[in-house]
Each structure stands twice: as C-alpha cells, then as structure tokens.
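Order of the sequence lines sets the chain letters (A, B, ...), proteins ahead of strands, with each chain counted from 1. Quantities reported herein were computed from a predicted structural model and do not represent experimental measurements.
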Amino acid sequence: MSEYVLEMDNIVKEFPGVRALKGVQLHVRPGTVHALMGENGAGKSTLMKCLIGIYHRTAGSIKLKGQEVDFQSPNEALHHGISMIHQELSPVPERTVSQNVWLGREPYKNCHLDHRKMRQDTVSLFQEMDLHIDPDEKMGNLTVAQMQMVEICKAVSYHPDVMVLDEPTSSLTEGEVTHLFDIIRKLKSQGCALIYISHKMDEIFQICDEMTTLRDGEYVGHDFAAETNVDALITRMVGREVSNMFPKTECEIGETVFRIEGLTSGKQVKNVSFEVRKGEILGLAGLVGAGRTETVETVFGIRRRDAGKIFKDGQEIEIKTPEDAIRNRLALLTEDRRGNGIVGIRSITENTVLAHLKAYGFPLNHKKMREDTEHYVAAMNTKTPSIEQPIMYLSGGNQQKVLIGRWLLTDPDVLIVDEPTRGIDVGAKSEIHSLITRLAGEGKAIIMISSELPEVMGMSDRIIAMYEGAVSGEVVRGAPEWNSEYIMALCHGQNG
Amino acid sequence: MNTKSMKKVLGQNSIWLVLLAMCLALTLSTKTFLTAQNFMNILTTESIIGIIAVGVMWCILSKGIDLSPGSVVALTSCISASLAQQFVYAGRLFPNLPDLPVIVAVLAALAVGTLIGLINGALIAYTKIPAFIATLGTQLIARALAQLYTNAYPIPELKPEFKNIAQYNLFGVIPMVVVIFVIFAIVSGYMLTQTRFGSSIYAIGGNDQAARVAGINVEKNLIKVYTWCAFCAATGGILLAARSGAGNSSVGLNYELDAIAAATVGGTSHTGGVCRISGVIAGILILGVLKNGMMLLKISPYLQQVFKGMIIIAAVVFDMRKNAKKN
C-alpha cells in the first residue's frame, strides 16, 4: 500500500467559460494534518467539492487507500470514509443534538426509533471527544462553536479516514480553538488524515504538518511545516505577475468627497474610518469575512449603524435607509447579485430604472425608460436579444453590466462596488475594469471591494486592508509597501 | 405585424384564447349562452369578486396573500347598511340615528375597511409575520366584529338611493355594479403599469432585498398594497349590501378564495413579481363563464366545484411549465 491515504492527481474542473482547476495534485498521509493554502478563488473549495462528489471533475484521478474512486454524492463519500465540515453549517435547529447527530441513520428497535440507544451513543461519542454538551438540548440553542463541535463529532462517528475542515475556526473564540485543536490531535493520533483549509497563518503553523498551495486553480507547491515559514508561504500564495488586465490610467485626484468616521455595526464592523477623493479608486482588501461588505452595507443604510459619522462634501449626512444614501448621490453595487441585486423575473428595462424611478414622473414615462435602458445597454456593450428580456436569462457578466447601468443612471458622486467581477468571465471582467477606471477619470469617487489581490492592486490608487471588522492598514500606490506580500500580511492581521 | 411579434402577443394572451374557446363551446352546446342578457348576468354576478380580485392580485404580486377580504365584505356591508336604513323603518339598528345622507354610509364603510387594510399591511411590513397568518387573524376578527355589530341579525329596509349604488342601470342596461368593477379594473391596471407604486411592487415581489437596496421603501409600499386590497373589499361590501338590499354578517364567505383563484388563473404568480391586469380580468371571466355555462348545461353544483378546482390547478401547472420551458 502506498504511503498516502489520499492521492489526487491532475484534477481538472471546468465550468462553462472558466477553468477552475487546471491539473491540481494533493497527496495526504494518514495521521497528519495537511493544510490547503491559497487566496480566495484559488480553487481550494472547488478541489474539495470534487473530492466529496458535490462537483464532478472534468479529468484527473482520485485514489483513496490506493483504490480509484469517483463519488457521485457527499453521502457516498461519507460512507467511504471521507467527511467534510463545511464553513456554513446546516443543522436542523428545532431538533435535539442527538437527533442531529444520527439524522438519516437513526437506530431502530423492532419497528420504532431506539431513542435510548441514540442518546447513549451520543453520550459516549461526546465523552470520547471530551465534549460537554447535553444531547437533549435543542440544536438551535447551541452557540456556533458548539454546533461545529457537534458537527465534528458527527463526522467522527462515521470513523473517517479523511476529514476536511473548511475554515473551522472562523467563528470560534481562542479557548474554543484550543479545544478544537485537542480534538484534531486526538483524531490524528488515531490515524485519521485531516485536510485543513484556513487563512489564519498562526493556526496553520500550530496544527499542520504539511501544506499544499494552490494559485489560480494551479498547484504551486508542497511544503513541510518544519521547513518553511509564514513569509515564504505568503510569497508562494501570491507570487505571480500582476497581469495587464488592469488598464490603470493616472487621473487627477481632487478633494475629499466622502468620509466615514468610527463606523461601527454589531461585531462585524469595528470603528472603521476612511475617506475617498474625487477621481480616486480606493480598494478595500481583506479576506472573506473581514467585514468589508458589512462596512459598505452600513454606509448604505442596509445594516444598522451603531456608531460613527458619515460625511459627504464636508457636511455630515444622515443615512438610515438606502433611499437616504441614493438621495445623497451614493451608489452600491452589491456583492450578492442574485440575493439583492437583480430582480430576476423582471425585464432589463425594469431592472435598469429601478433605483431611478422618481425621474419618470406620473404617469411613468415608458418611452424615456426604454431610451435610458437602450443607452446603457449600448454603452456597456450588454449582450441581450431585447431589453424586454427577463434579466435572469442573461449571463452573470451581462447582469452585472445592467446593474452598473442602474447605478450610473442615478448619476452618483460615490460609487461603491463590492466584488464587481466575481463569477464573471474574463472578457466581461476586463470591460468592467476599464469602465471603473473611466468613471474615476470622469471624477467619480470609487470604493472597490475585491478579494482578489491582483485586482485590487491593479485598480486602486490606495488600499485599505481590513481584518476581523477593523482597518488593519493603509498603503498608497507607489509607496515602498505597495507589494502583494505586505498587503496580504495586512489582510491576515499581521503588521507587515 | 410579423409572425414573431404575433406569436408573442398570442403567447402573452393565451388565456384569452382559452376564454374564447370556452365561449365558443358553450355557444354551440346551448341556446341561451350567446345572448346579451346572459353576458350581463355573468358580469353582474362576477363584479364583486372581480373588484376583490383586482385588489388581492396586488398582495399576490408582492409575494403575499390576503385572506381577510371576505370578512371585510361582511363587516362593511353591515356598517354601510346600518347607516343607510330607511328613516321611517321602525326596526333600525340605531333607532335614534338622524337621517344621514347616503355618502356618510359609504365613507364610513370605506374608512373601516381601509383601516383593516392598514392593520394588515403594518403587521406584515413591520412584524414580518407571514401575510397568511396576519390576514387569517384579521379575517376572524373582522367577521366577528360584523357579528358583534349586528348581533348576527340582517339589516334590511335600505334607502332606495343606497340600493341604487349597485342596482341603477346606466343607459338603462348596464348595472352600476358592473360599471364600478370596470372602473376598479382600470384604476388597478393603471396603477400597475403607469405609476412608481406599481413598478415598486413588481420589484418587491420579484426580489424585496434588491428593491430595498435600490432605494424603495418596502414597508411603506406593502402597507399601501394591503390598504388598497381592503379598500377594494370594502367597496365590494357596500355593493353587496346595495345589491341585496340588506347588510348581513354572514355574507362574503370565501370571497377571498374566489378572488385569489381568479387572479391565479389569470397568471398572477404566487412566487411574486408577475401579474398582468388583462390576465386577471380573463381569469375572472373564465371562472364566471365556467359557472354560468355549467348552470346552463345543468351540471350538478357539486360537480361544478370539481371542474373549478381542476381549472385552477391546470392553469397554474400550465403557467409553470411555460416558464420552465423558457429556462
């Protein structure tokens, strides 16, 4: 038998128009913790989804204990000894802890559920894992950390050979992380292999034995934790040429048009301050969950503001709802296009004029609506058979162009774009990049959130990095710190 | 007109073809269907449900529902009747009431109905409870209020001027209740396509989060929707009292379900964001013609309900398959 419990070789995964994995390898030894590293969008989650059968790989081989496997569903993978703890948990909140653990495989005695066995098995499982949770408690009453522990115990009850943990510590406190690591060490000593996905460098060096790094869907290297360090790893993760996909042109930067001071909202946004000037593109860099989306949502009146002030053209303004924000000439292209961007079932025209309905009078001037829509469809080079087409039938890139048109129609002074090119094919991506640059050239102030470091560095005049809800640093284009290693370190909460 | 746009027009109005086919079949199989009198009968019978339907379609469009209109009809029929009883009638509900002009009765009933709509809207918009629950609650409450108000006795002997609101024949042939239905259909359709309010509700029904980000005040708009729906129902209540010559706390039972059925058959989507006034009117007429036709064909009333149920289900299945094909 080979020294690896899991061998993934030359894995290729293609989506329509995108090659998400371009021949990736991952070899995991039993009884080790193997970190899977890479920036957002490097292909880590895609690789794991190919492993457990959520996605079906386009090419490549997966061997589990030397046997070639091809799982059709996560359930099949589970029964062959591979379990995955997802970042987003999916418990059944109204059922008890033990009902959740044995969901779908409840023990029977004669022809009825064996509640006693279910409970006893849960108790002994928890004892083994040193977990102090009442099996009869409702799942919904647990903290997120507790739910995660229960989820891990549930995975353990399948006696897996390989367990995948995707960002397991993102919602845990330090004490809880220590407990999680104890459990991981215990599993390791029992010979289980763990694949650990995390952005937290210090944790990775605490718990992991080996690491495999991906970049842009490609395998870039394998290291032993003992033989590498944080800096080397960050260089591996980002070490690439910033392509000329970003047509950055220098443009005149004027006076400050927009400023926030001490913005706070719940636990996600902590005392955030920044300003943006006329003609400037301000990049907000950070990892997924760093609080960037929450910050701009608070600015825009979508999220409740607990503290902080907002200034526009030197005057303090009051924003309680998106309506207030639009009146003050702000615009927000949201991150979640389907969730709060498009109205899928309605036409391109209706989607274009949505934020600007006040301009069409009473009765509504349909002719002007159509003219405005035609104008932006042409200006954005949006591909659609007709402007009466429901927007849901367009591709992601074309939907995004319609939404940008929606906001340009309101003639904003400050345009906030949140992950403007996520899930968009390469062609539309560079069109959107040049558009944003052109808008800055026309004197609009632009705030751009992007989790892709090359994008945010290619486009911005200045970058603010955020980490865990707070600003962790600022770098101006041209400064000596303007390099991907330094900015990546800021995004990881390290001071360069 | 080229074939492509012809196809589009036909596709959007296929429901009118269904109606036409039904009328054709009934014309061939009965002697009495194709007469002016019978058509006026259908319209007169369906007008009140129709007025409720052009109100409740807004709730469905916004991804909600309103179950209270039937009870609002009962309550407003009692309120308007109680204020419009003949002065000389000894058994008046309020014997000491002065001789009020008819308009007072109408306005009082409209005000009470509208208030119930405001409550529905505020509950749904601000407490975020499902529309089904909120309006189920007000359905029970409004019906009970009507019974408490009248002690569950009918309120007869209404003034001729009041009865004329529904019974007067315009140009000697068109009953007022039909005229008012047409007015409500026009107003509702106009609001839907020609006002910001209509555009906002399409967006809210399609994706309320997107509407919110685009600066639309979702809560305020939802309140307007439920208020308009209840206003329509209150109008229906007044017309019912005027037409039948009495207020009664037991009338209007299941009217909301007939109205919801008509709007649904007319292509209003319960997943929100889709509604056309022409479709809803066709839906009202289809259910009306079906009822009328089966009566003329002397089909058992129990069997009639079976057909009605089948039509409603078939309409929605057809609609969903049409949309699925586009995907």
In this structure, are over 12 heavy atoms from other groups packed under 6.0 Å from [X] atom [atom1]?
X: A:Lys309; atom1: NZ; value: no
X: B:Lys63; atom1: NZ; value: no
X: B:Tyr126; atom1: OH; value: yes
X: A:Glu442; atom1: CD; value: yes
X: A:Lys320; atom1: NZ; value: no

Using only atom types and a distance under 3.5 Å, with no angle test, would you say the side chain of A:Arg346 pairs donor to acceptor with the backbone of B:Gly273?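 Yes: the side chain of A:Arg346 pairs with the backbone of B:Gly273.
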Quick check: does any side chain N or O of B:Asn207 sit under 3.5 Å from a backbone N or O of A:Gly339, one acting as donor and the other as acceptor?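 Checked: pair present.
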Against chain A, label B:Ser269 side chain, backbone, both or neither, depending on which of its atoms sit under 4.5 Å from a heavy atom there.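 Answer is neither: B:Ser269 stays 4.5 Å or more from chain A.
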With a 4.5 angstrom heavy-atom cut-off, which part of A:Arg337 approaches chain B: side chain, backbone, both or neither?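 Nothing of A:Arg337, per the 4.5 Å heavy-atom cut-off to chain B.
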Chain B: which of A:Thr334, A:Thr321, A:Leu332, A:Ile342 shares the most heavy-atom pairs with it under 4.5 Å?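 Highest number of pairs under 4.5 Å: A:Ile342.
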Is the closest side-chain heavy-atom distance between B:Asn217 and A:Glu323 below 4.5 Å?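 The answer is yes, as the side chains (C-beta and beyond) meet within the 4.5 Å cut-off.
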Heavy-atom pair of closest approach, residues B:Ala210 and A:Gly341: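 Reported closest heavy-atom pair: CB-O, 3.2 Å.
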Toward chain B: residues of residues 371-384 of chain A with heavy atoms under 4.5 Å: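 When heavy atoms of chain B are the reference, residues 371-384 of chain A contributes no residue within the under-4.5 Å range.
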Of all the residues in residues 349-366 of chain A, which have a heavy atom that comes within less than 4.5 Å of a heavy atom in chain B?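 The list, in residue order, reads A:Glu350, A:Leu354, A:Ala355, A:Leu357, A:Lys358, A:Phe362, A:Pro363, A:Leu364, A:His366.
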